[in-house]
*Asks:* 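Shown below is the structure under consideration.
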Amino acid sequence: MQDLLLVRYGEIFLKGLNRPYFIRALVRKIRYAVRGMGAEVWVHDGRIFVRGFSDLDECIDRVTRVFGVHSVSPALEMEKDDFDSICCQAIRMTEGLKGTFKVNARRSDKRYPMNSPAINEEVGYRILTAHPELKVDVHHPEHLVNIEIRDKAYLYVKVIPAVGGMPVGTNGNATLLLSGGIDSPVAGWMIAKRGVQISAVHFHSYPYTSDRAREKVLDLARKLSFSCCGIKVHVVPFTEIQTQIHEKCADEYTTLIMRRYMMRIAERIARQEESEALITGESIGQVASQTMTALGTTDAVVGMPVFRPLIGFDKSEIIDVARKIGTLEISELPYEDCCTVFTPRHPATHPKLEKILEGEAKLDTEALIARALEGTEVVRV
Ligand code: ATP
Ligand code: MG
């Protein structure tokens, strides 16, 4: 007899020619998630199993966070010839349950001496005898006691929901503009959940922003790294660009011009990374640089799609996700971001493109970008 974890993936991926590709990718990601636990992951009859883990709860915690996993069930694999022992385990697995249940036997081994209705009846009877507080409901049971008779017998009751989504890497690459705030880690997590491998770009303005602020961003990336299967973070020196903008451009436009430089540089890095899109944590109207007009002026400098998965989210909704994925407590640390270093008193909310271009004409854009890229440091987390 041994403990297994039965892993389920989304139904929509079962269809079509992509299925084997999808399953292979998912198995690789589950192996990555349980590394160091001595566990083995394998596919049998189109289903994914994990076994050999030292700690079931830890294994469940890790596997339910893998994008592409929709639910898991702790299961028992046992010899099918010992029917009494199957019944004993069914009684053990239903211990502590309340309400109604139904036994759901399936028999792919047709030579097995009992058929499915006979198994249902006998196991159901023994469970009722052992746990008289339970009731049978064959139409809408609260708990389903699954017994599968295959090469061996498999038994499982609990279905634990998992994160869902698609395995990382099955939907291409995108590059996240990662600040130390609450929003951008959530935005990256949401796109990665759709099967996208993400890389990150962070702009820092040393000495206006501290080493600790930079370290905080790397901590955020580390937090995301488990779900995202590793992240390459490009740390871009942004001090020269920011000080020049501050010195030469009209105060009310400095934030937007700075955002446009971020987008230009992020796009260059994204192309090196073979990314097909940029990701930001913006949401309509959250700050002056996130009005629709302002977002239009930052989009205007990039030649690839910009994904803003939080565009319709309220701050409180973003915070809920940040808490769930474990980035909130890091984001709430007080270290300043480069965006807040030179904030204008009255940023333009209805910016005029000609004013922005007027300001940018005073800067040597290509040289500034080239120097920033030259000074970029790559950290893998
Ligand atoms: P967040 O909480 O993610 O920082 P925010 O509400 O502070 O978002 P802004 O500071 O206006 O918003 O930034 C908008 C977006 O620009 C961020 O979500 C992020 O994608 C990107 N961004 C801002 N600052 C940086 C930075 N220093 N490095 C990389 N990207 C940044
Ligand atoms: Mg920010």
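In listed order, ligands and their atoms are each counted from 1. If you're wondering where the values come from, they're calculated on a predicted model, not measured in any experiment. This chain uses plain numbering: 1 for the first residue, then up along the sequence.
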*Asks:* Show me which atoms of ligand 1 lie under 4.0 Å from any heavy atom of Val287.
*Replies:*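 Listed by number with element, the hits are 11 (O).
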
*Asks:* Report yes if some heavy atom in the side chain of Phe307 is under 4.5 Å from a heavy atom in the side chain of Val196; otherwise report no.
*Replies:*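 Result no, sub-4.5 Å side-chain heavy-atom pair not found.
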
*Asks:* Of the side chain and backbone of Met262, name the one, both, or neither that has a heavy atom under 4.0 Å from an atom of ligand 1.
*Replies:*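 Within the 4.0 Å criterion, Met262 contacts ligand 1 through side-chain atoms alone.
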
*Asks:* Where is the tightest heavy-atom contact between Val381 and Ser225, given as atom of each residue plus distance?
*Replies:*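 Smallest heavy-atom distance, with atoms named: O-OG, 3.3 Å.
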
*Asks:* Between Arg222 and Glu215, does any side-chain N to carboxylate O distance fall below 4.0 Å?
*Replies:*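 Here Arg222 pairs with Glu215 in a salt bridge, since their nearest N and O are under 4.0 Å apart.
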
*Asks:* Applying a 4.0 Å heavy-atom criterion (strictly less than), which segment of Val217 is in contact with ligand 1: side chain, backbone, both, or neither?
*Replies:*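 Contact part for Val217 vs ligand 1: neither.
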
*Asks:* Look at the side chain of Arg35 and the backbone N and O of Tyr32, then say whether any donor-acceptor pair between them is shorter than 3.5 Å.
*Replies:*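 Such a contact is found between Arg35 side chain and Tyr32 backbone.
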
*Asks:* Which class fits the ring pair His202 and His204: parallel under 30°, tilted 30 to 60°, perpendicular over 60°?
*Replies:*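 It falls in the parallel class, under 30°.
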
*Asks:* In terms of atom number and element, which parts of ligand 1 are under 4.0 angstrom from non-hydrogen atoms of Val201?
*Replies:*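 Reading through ligand 1 atom by atom, the close ones are 29 (C).
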
*Asks:* Has ligand 1 got any nitrogen or oxygen that is less than 3.5 angstrom from a nitrogen or oxygen of Phe203?
*Replies:*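 Between Phe203 and ligand 1 (N or O atoms, distance only) the closest approach is under 3.5 Å.
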
*Asks:* Just jot down the ligand 1 atoms closer than 4.0 angstrom to any heavy atom of Glu282, in number order.
*Replies:*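 What qualifies from ligand 1 is 14 (C), 15 (C).
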
*Asks:* Backbone N or O of Ala75 within a donor-acceptor pair of the Ser73 side chain at under 3.5 Å?
*Replies:*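 No; judged by distance alone, with no hydrogens or angles, the pair does not exist.
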
*Asks:* Select the closest option to atom 14 (C) of ligand 1 among Gln290, His202, Gln286, judged by heavy-atom distance.
*Replies:*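 The residue whose heavy atom sits nearest atom 14 (C) of ligand 1 is Gln290.
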
*Asks:* Among Val186, Leu176, Leu177, which one has a heavy atom closest to atom 20 (O) of ligand 1?
*Replies:*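 Nearest option to atom 20 (O) of ligand 1, by heavy atoms: Leu177.
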
*Asks:* What about Ile182: any of its N or O atoms under 3.5 Å from an N or O on ligand 1?
*Replies:*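 The answer is yes, given that Ile182 and ligand 1 share an N or O pair closer than 3.5 Å.
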
*Asks:* With a cut-off of 6.0 Å (strictly less than), are more than 12 heavy atoms of other residues, nucleotides or ligands near CD of Glu317?
*Replies:*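 Enclosed: over 12 neighbouring heavy atoms sit under 6.0 Å from CD of Glu317.
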
*Asks:* Closer than 4.0 angstrom: is that true for some heavy atom of Arg259 and an atom of ligand 1?
*Replies:*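 Distance cut 4.0 Å: Arg259 passes for ligand 1.
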
*Asks:* Between Tyr112 (side chain only) and Lys80 (backbone N and O only), is there a donor and an acceptor less than 3.5 Å apart?
*Replies:*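 The answer is yes, because a donor-acceptor pair under 3.5 Å joins these two groups.
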
*Asks:* If you measure every N/O of Gly281 against every N/O of ligand 1, is any gap under 3.5 Å?
*Replies:*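 Between Gly281 and ligand 1 (N or O atoms, distance only) the closest approach is under 3.5 Å.
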
*Asks:* Is there a nitrogen or oxygen of Thr280 sitting under 3.5 Å from a nitrogen or oxygen of ligand 1?
*Replies:*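 In fact, backbone or side chain, Thr280 has no N or O that close.
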
